[in-house]
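As structure tokens, the structure follows; a few thoughts come after it.
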Number of protein chains: 2
Amino acid sequence: MGRRVTIEDVARAAGVSRQTVSRAINNKREISPITLERVMNAVQQLGYRPSWVARGLATQRTHTIGLVVPDITNPFFPEVARGVQDAARAAEYNVFLYNTDESAEREHQILYSLASQPVDGILLFGSRIDDSDLTTFAESYRPLVVLNRRIGHPGVGMVLVDNYAGARLAVEHLINRGHRHIGMLAGPLASPSSIQRVGGFRAAIEQHQLPLQDSCIVPGPPTLDGGREGAEQLLYHHPEITALFAYNDVMALGAVQAYIESGYRVPDERAVVGFDDIWIAELVHPGLTTIRVNKYEVGYRAAQCLLALMEDPMQCPPAVEIGVELIIREST
Amino acid sequence: MGRRVTIEDVARAAGVSRQTVSRAINNKREISPITLERVMNAVQQLGYRPSWVARGLATQRTHTIGLVVPDITNPFFPEVARGVQDAARAAEYNVFLYNTDESAEREHQILYSLASQPVDGILLFGSRIDDSDLTTFAESYRPLVVLNRRIGHPGVGMVLVDNYAGARLAVEHLINRGHRHIGMLAGPLASPSSIQRVGGFRAAIEQHQLPLQDSCIVPGPPTLDGGREGAEQLLYHHPEITALFAYNDVMALGAVQAYIESGYRVPDERAVVGFDDIWIAELVHPGLTTIRVNKYEVGYRAAQCLLALMEDPMQCPPAVEIGVELIIREST
DNA sequence: CCAATTTCCGTGAGCGCTCACGGTCATTGT
DNA sequence: ACAATGACCGTGAGCGCTCACGGAAATTGG
């Protein structure tokens, strides 16, 4: 109850003009220390809080960024989100969160609705829309940072996880362990990170002149069941395969489950390596060998990039490269 | 580039007044079908998108809610957040996400900053500020829904997980399994859910007339390490304890680890039951016996409650009760 | 065929703030 | 002592939209 305290009220109470109050709270100087204090007192007493919305309308900036992820429930993203939040908070930005559910249509909706302003910039992670759509989008909309996409466009930043190197590390590790028939659970084919990981996988296999049929690379949803089913399918069609490289840890976990349920011992008879190093990878039994990605860093640096972009929306920031690391545990 | 398309542009293009355009896009009827179509065409052609901010200033509603959680990285919260998002999306609301890091000070900051408007309502989960602060907060601010707090105040909704019953279920299960010396990892004592779970724990123990010293209930941060350390401590001071009820699954997992590292077999020599049934509880080995809380439902229904509250901010909605369920796996 | 509705649409004001000016007073230099 | 500089502050307008009016046209009834 009670009307909102406006800047006018403060001005009246302090015996100055609105503009002076505005100057005070945004410490623009151009204001004498004494009036500044007078104003600040009035602010305190009335409990005045400037309206973010009104300010947004006047300045055309809302101090808000939008974070778009496929699904916050996917264990990869909470840490990323956390990184984003922390970076945003440091700069006094708020962050909106949206889930696309891996659906391009849904993603379009969100992006479209984001255009009607609430945000100053967008962080697009795990995008599933195609490159041309993304480019036209980047052209018409505000600063944007994308994950694992190469878009050479002023005003858009890129964060690139080294998927290719990660996949190679994984495969080489498997080869070192003596495996010669290696399969891959490729995840969602539409995803660029899947393409990159498959690329690294193929390259490593070929370099070592190991046999590889296309049917040893099976796509599937990046979920536990996706991993389980992929592994079962491979078990059936390619029983010679003794090791699996999975698109991500969740799929890898599913694969391990499938193996165990089918009576194989991991890692003695079948080995599995995942990707991401999500929190639980070290808790399961056997502990999951995986490629670690610093997820917090991904979020944090992406947000920083976006923040910089918002200062100067026309620059072409260098891509932020995120390195990866092989973490060996018991599943290989 | 290019100025923003305003409602005036549309009005001009369609040969009508701003107000008519406004009516059209908010389908207030009071508008003839023919002009409606004319306006809509103009909207299409110019690619007009009403400014959320300007509308917010005029209507004093931003169509935004704020979700405050201790840490989105805590595996309990992503699912909750997901439920919130989905409910919000259905009503065309955006959601801000904030992390308090279990810090009361940080929470105050956030709540305070939220007062300067960006949100129409607040979802406060895992609050760590004390009851009186919370009440004064509830009085002065906009609609609010809190989790696991009893605040009888018009305009504030409550979502209550049945912690008490959950704790009893857990303890009784342990007793059925033959345990007579049962300890508890109590989590953060400041948290109401901790208090409630401890209450249920005590009640069950007493009802079955089992021995219980206060030192068998050890507090600690709700993390893996918190659980591990608590278990070690108990192992040292109360070696007679054969079963543990943990504040949450993460602590329970830590406890299991501690036991295994100390050479105890779970569940043969030591049993552990958790709380929440987070995603990974069934993936670890041994699978974790736990009290399941439907986290998605918590978020979804909380958001619905908030939405209702925003329609009529002075009502006292009934508390939303969330039931729990004992899930028996291999850790007991 | 004319008053009483109803339907439709336009006008002014205002939401709470900031920006670009311009004005006033005290200060400085010579 | 007088113009010129600078520090400080106030004024109007405007950001893009909606609300509460009120007026004109189209409809109805007897």
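Naming: A, B, ... by sequence-line order, numbering from 1 per chain.
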Divergence of helical axes at both termini of the helix from dC1(C)-dG30(D) to dT30(C)-dA1(D) - five pairs an end, 10° steps
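Here the local axes at opposite ends form an angle of 30°.
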
How many Å lie between [atom1] on [X] and [atom2] on [N], as a whole number?
X        : N       : atom1 : atom2 : result
Glu8(A)  : dT18(C) : CD    : P     : 12 Å
Arg23(A) : dA20(C) : CZ    : C1'   : 11 Å
Ile7(B)  : dC17(D) : CD1   : P     : 5 Å
Leu36(A) : dA7(D)  : CG    : P     : 16 Å
Asn26(B) : dC17(D) : CG    : C1'   : 10 Å
Ile31(B) : dA25(D) : CD1   : C1'   : 16 Å
Asp9(B)  : dG16(D) : CG    : C1'   : 11 Å
Arg55(B) : dG16(C) : CZ    : C1'   : 18 Å

Can you tell me whether the side chain of Arg18(B) and the base of dT11(C) have a donor-acceptor pair closer than 3.5 Å?
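Not at all, since no donor on one side and acceptor on the other fall under 3.5 Å apart.
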
Test for a donor-acceptor pair under 3.5 Å between the base of dG16(D) and the side chain of Arg49(B), counting only N and O atoms.
no

5' precedence on DNA chain C between Ala54(B) and Ser17(B) (nearest-nucleotide basis)
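By nearest-heavy-atom nucleotide position, the 5'-most residue is Ser17(B).
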
On DNA chain C, more 5' by nearest nucleotide between Gly15(B) and Val21(A) is Gly15(B)

side-chain hydrogen bond (donor to acceptor under 3.5 Å, both in side chains) between Thr20(A) and Ser17(A), intermediate numbers included
CA-CA 5 Å; Thr20(A) 302; Ser17(A) 73; 3.0 Å; yes

Mutual orientation of the aromatic rings belonging to Trp52(A) and His63(A) [parallel < 30°, tilted 30-60°, perpendicular > 60°]:
perpendicular

Please tell me if the side chains of Val119(A) and Ile65(A) come closer than 4.5 Å, counting only heavy atoms from C-beta onward.
no

Taking side chain as C-beta onward, heavy atoms only, is Val95(B) less than 4.5 Å from Thr64(B)?
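No. Closest side-chain heavy atoms not under 4.5 Å.
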
Closer to the 5' end of DNA chain D via nearest nucleotide, is it Val53(B) or Gln19(B)?
Val53(B)

In terms of side-chain heavy atoms of [X], which of [options] is nearest?
X        : options                   : value
Thr35(A) : dC9(D), dT18(D), dG10(C)  : dC9(D)
Thr59(A) : dC9(C), dT18(C), dG10(D)  : dT18(C)
Pro50(A) : dC17(C), dG16(C), dG14(C) : dC17(C)

When you measure from the side-chain N and O atoms of [X] to the phosphate of [N], is any distance below 4.0 Å, counting only OP1 and OP2?
X        : N       : value
Ser51(B) : dG16(D) : no
Thr20(A) : dG10(D) : yes
Ser22(A) : dT18(C) : yes

Assign Gln60(A) to base, sugar-phosphate, or nothing according to its heavy-atom contacts below 4.0 angstrom with the strands shown.
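If one applies the 4.0 Å heavy-atom cut-off, Gln60(A) turns out to touch the sugar-phosphate alone, with no base involved.
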
Return a table of donor-acceptor pairs under 3.5 angstrom between the side chains of residues 297-310 of chain A and protein atoms on other chains or two or more places apart.
from      : atom 1 : to        : atom 2 : distance (Å)
Glu297(A) : OE2    : Arg301(A) : NH1    : 3.1

Checking side-chain hydrogen bond (donor to acceptor under 3.5 Å, both in side chains) between Arg128(A) and each of Glu105(A), Glu107(A), Glu102(A), which is the one that passes?
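Going through Glu105(A), Glu107(A), Glu102(A) one by one, the side-chain hydrogen bond (donor to acceptor under 3.5 Å, both in side chains) with Arg128(A) is satisfied by Glu102(A) alone.
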
For the rings on Phe96(A) and Phe96(B), is their centre-to-centre separation under 6.0 Å?
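Yes, the ring of Phe96(A) comes within the 6.0 Å limit of the ring of Phe96(B), centre to centre.
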
Has Arg49(A) got its NZ or CZ under 6.0 Å from the middle of the six-membered ring of Tyr112(B), at an angle within 45 degrees of the ring axis?
yes

